[in-house]
Amino acid sequence: MNAKYDHRAEPATVRFAFTPAAAYVRAARLVAADVASHAGVTTGLLDEVRQAVGEACTRAILRHREAKIDDLVRIEFSIGDRFVAKITD
């Protein structure tokens, strides 16, 4: 079932966090594309969403390594009138 988000409903948020390791970037990209798809982002833009999230996660991981930070990389996807991806390092 590939149900689309009902934009008339309350805004939805998907959050997750991962250990700052390159092995988890692929998972972040896949989740981003899936959430964006359910939010109604057009198929033609899903590759751009994957790429942007992958690049942001990679930068976050590098910042963690450089600063010797063990905290998790946090990701939040918001679905409302528009799709928003927020990566926090």
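The minimum heavy-atom distance between T19 and L72, with the atom names listed, is N-CD2, 3.6 Å. The shortest non-hydrogen separation linking A17 to R74 is CB-NH1, 3.7 Å. Nearest heavy atom pair, residue P20 against residue V73, reads CB-CG2, 4.0 Å. Residues R50 and A33 share a closest heavy-atom pair of NE-CB, 3.5 Å.
When the side chains of ILVMFWY residues are joined at heavy-atom separations under 4.5 Å, either directly or via intervening members, F16 and V25 end up in a single hydrophobic cluster. Each of V35 and V84 belongs to its own hydrophobic cluster when Ile, Leu, Val, Met, Phe, Trp and Tyr are linked at side-chain heavy-atom distances under 4.5 angstrom.
How far OG1 of T58 is from CZ of R29: 8.5 Å, rounded to the nearest 0.5 Å. Atom CZ of R63 and atom CD of E66 lie 8.5 Å apart (nearest 0.5 Å). Atom-to-atom distance recorded for K86:NZ and T13:OG1 is 10.0 Å, nearest 0.5 angstrom. From I69, atom CD1 reaches atom CD1 of I61 across 13.0 Å, with rounding to the nearest 0.5 Å.
The number of heavy-atom neighbours closer than 6.0 Å to OH of Y24, taken from other residues, nucleotides and ligands shown, is 12 or below.
Between S37 and the choices L46, T43, L45, the side chain to side chain contact (heavy atoms under 4.5 Å, CB included) rule is met once, by L46.
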>> Does R15 form a salt bridge (Lys or Arg N to Asp or Glu O under 4.0 Å) with E76? I'd like the steps, not just the answer.
In response: CA-CA 4 Å; R15 293 183 184 102; E76 179 177 296; 2.9 Å; yes

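Taking the six-membered ring for Trp and thresholds of 30 and 60 degrees, F83 and F77 have nearly parallel ring planes, at less than 30 degrees apart.
Of the possible donor and acceptor atoms, one in the side chain of H64 sits under 3.5 Å from a partner among the backbone N and O of D71.
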